[in-house]
Amino acid sequence: MERNGGDRDVVVVVAGSGVTAAAEEEEPHVERLPADLLAHVLSLLPSFHDLAMAGGVSRRWRRAVERSLAGRRRMSFAGQRTGDDSTARFVRAAVNLRDLDISRSCWGCQITDQGLIRISTAECVKNLTSISLWGLAGITDNGVIQLVSRAHSLQHLNIGGTFITDESLYAVAKNCINLKSIIVWSCRHVTEAGLVALVGGCRKLESINVGGMRVPPESFAGLLAISPALQIRSITQVLNASVQVS
């Protein structure tokens, strides 16, 4: 500091080439991770809510979340607190998805027909081999038909505990000719006509769970006449089942 003339003090600061440690904020270690590694770390988050929050951290993190979703082959919303919009958004981002589980549980997601219709527009739907809609009370034929109409690679379907009718099974028989197993447990609005159409259209069908339905047992003889090797299972054999990809 030097005195200049009168009452005023002029402070002269000479800046060096370095930056003091106090003026510099060290970059967080996680920000130094390569993009692929960051995406892998984010893919390990168990909660889709946490994953959505991570996507709001920065543009780099949002791209990492998108990359982690794009690499997923299995996605389960069972036990997750998600709704139509968030579930559809995640599924649309999972372009390589093969196994989709949106079963309802005690803390499960509340998906309606609107959610299924939005999910049906996702690029991955045509390649899905497994879908579980177990126990979703908010869905009807409208949503299920939209979804299965594009799921041409489907091999395993769980729609047990829902309020679908024969109309959904007609759509499955028409569009899912590669189906190997289906659970229609407690689908009390499904009739013998729907089951016959299903077995007749899905000639690769190996097993069907019909426990808790209102279809009389003698009706199942007609199914075996169409497909003698078909395994007809009841709820005592498959309880709270979730469809698995073979």
Side-chain angles (χ1 to χ4, degrees), residues 76 78 98-106 108 111-113 115-117 119-120 125 128-246:
S76 175
R98 296 295 182 270
D99 182 350
L100 175 61
D101 180 0
I102 48 180
S103 304
R104 189 180 189 278
S105 62
C106 57
I111 300 299
T112 68
D113 284 338
L116 294 186
I117 292 171
I119 289 172
S120 71
V125 169
L128 288 177
T129 58
S130 175
I131 297 176
S132 178
L133 308 176
W134 175 272
L136 292 180
I139 64 172
T140 68
D141 291 325
N142 292 334
V144 175
I145 290 172
Q146 286 289 329
L147 182 59
V148 301
S149 293
R150 293 195 63 238
H152 302 302
S153 300
L154 196 62
Q155 297 179 21
H156 308 280
L157 176 62
N158 185 343
I159 45 179
T162 64
F163 295 101
I164 64 157
T165 72
D166 291 341
E167 296 300 322
S168 288
L169 296 191
Y170 295 153
V172 172
K174 179 181 178 180
N175 297 283
C176 307
I177 60 175
N178 295 309
L179 195 69
K180 294 181 179 179
S181 69
I182 185 170
I183 296 176
V184 286
W185 173 80
S186 198
C187 292
R188 295 180 176 270
H189 299 289
V190 168
T191 71
E192 180 182 359
L195 295 177
V196 169
L198 174 72
V199 176
C202 302
R203 302 313 296 252
K204 296 181 181 180
L205 193 64
E206 299 172 356
S207 68
I208 181 172
N209 183 328
V210 294
M213 298 180 66
R214 292 176 175 171
V215 178
E218 57 269 19
S219 300
F220 301 133
L223 303 183
L224 293 176
I226 300 172
S227 178
L230 181 66
Q231 297 182 10
I232 302 177
R233 299 178 176 178
S234 67
I235 192 59
T236 57
Q237 296 170 304
V238 184
L239 181 62
N240 294 331
S242 60
V243 176
Q244 300 295 328
V245 177
S246 60

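All values reported here derive from a predicted model rather than from experimental measurement.
By the side-chain contact (heavy atoms from CB on, under 4.5 Å) test, Asn178 pairs with Lys204, sequence neighbours left out. The side chain to side chain donor-acceptor pair (under 3.5 Å) check on Lys174 picks up nothing, with sequence neighbours excluded. When the side chain to side chain donor-acceptor pair (under 3.5 Å) test is applied to Thr191, the partners found at least two apart in sequence or on another chain are Asp166. Remark: Gln231 engages Ser207, Arg233 in a side-chain contact (heavy atoms from CB on, under 4.5 Å) (not counting sequence neighbours).
Exactly one of Val215, Asn158, Ile208 qualifies for a side-chain contact (heavy atoms from CB on, under 4.5 Å) with Val184. That residue is Ile208.
A donor-acceptor pair under 3.5 Å links the side-chain atoms of His152 to the main chain of Asn175, judged by distance alone. Side-chain N or O atoms of Asp101 include none that pairs as donor or acceptor with a backbone N or O of Ser76 at under 3.5 Å.
Shown here for Gln146 and Ser120, the closest heavy-atom pair between the two residues is O-CB, 3.5 Å. Here the closest non-hydrogen pair linking Cys176 and Ala151 is SG-O, 3.6 Å.
For the atom pair Leu133 CG and Ile131 CD1, the distance stands at 6.5 Å (nearest 0.5 Å). If you take CD on Gln155 and OG on Ser130, they are separated by 9.0 Å, rounding to the nearest 0.5 Å.
The number of heavy-atom neighbours closer than 6.0 Å to CG of Leu224, taken from other residues, nucleotides and ligands shown, is above 12. Open room surrounds CZ on Phe163; 12 or fewer heavy atoms of other groups in view lie less than 6.0 Å from it.
Between Ile102 and Ile119 the shortest side-chain heavy-atom distance falls below 4.5 Å. Counting heavy atoms from C-beta outward, Ile164 and His189 have side chains that stay 4.5 Å or more apart. Contact check for Cys187 versus Thr162: side-chain heavy atoms found under the 4.5 Å cut-off.
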Under 3.5 Å, sequence neighbours excluded: what are the donor-acceptor pairs made by side chains of residues 193-203?
residue : atom : partner : partner atom : Å
Arg203  : NH2  : Ile226  : O            : 3.4

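Each side-chain hydrogen bond (donor to acceptor under 3.5 Å, both in side chains) pair with one or both residues in residues 219-228, not counting sequence neighbours, appears once here: Glu192-Ser219.
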*asked:* Test side chain to side chain contact (heavy atoms under 4.5 Å, CB included) on Glu167 and Ile145; report intermediate values, then the result.
replied: CA-CA 8 Å; Glu167 296 300 322; Ile145 290 172; 4.1 Å; yes

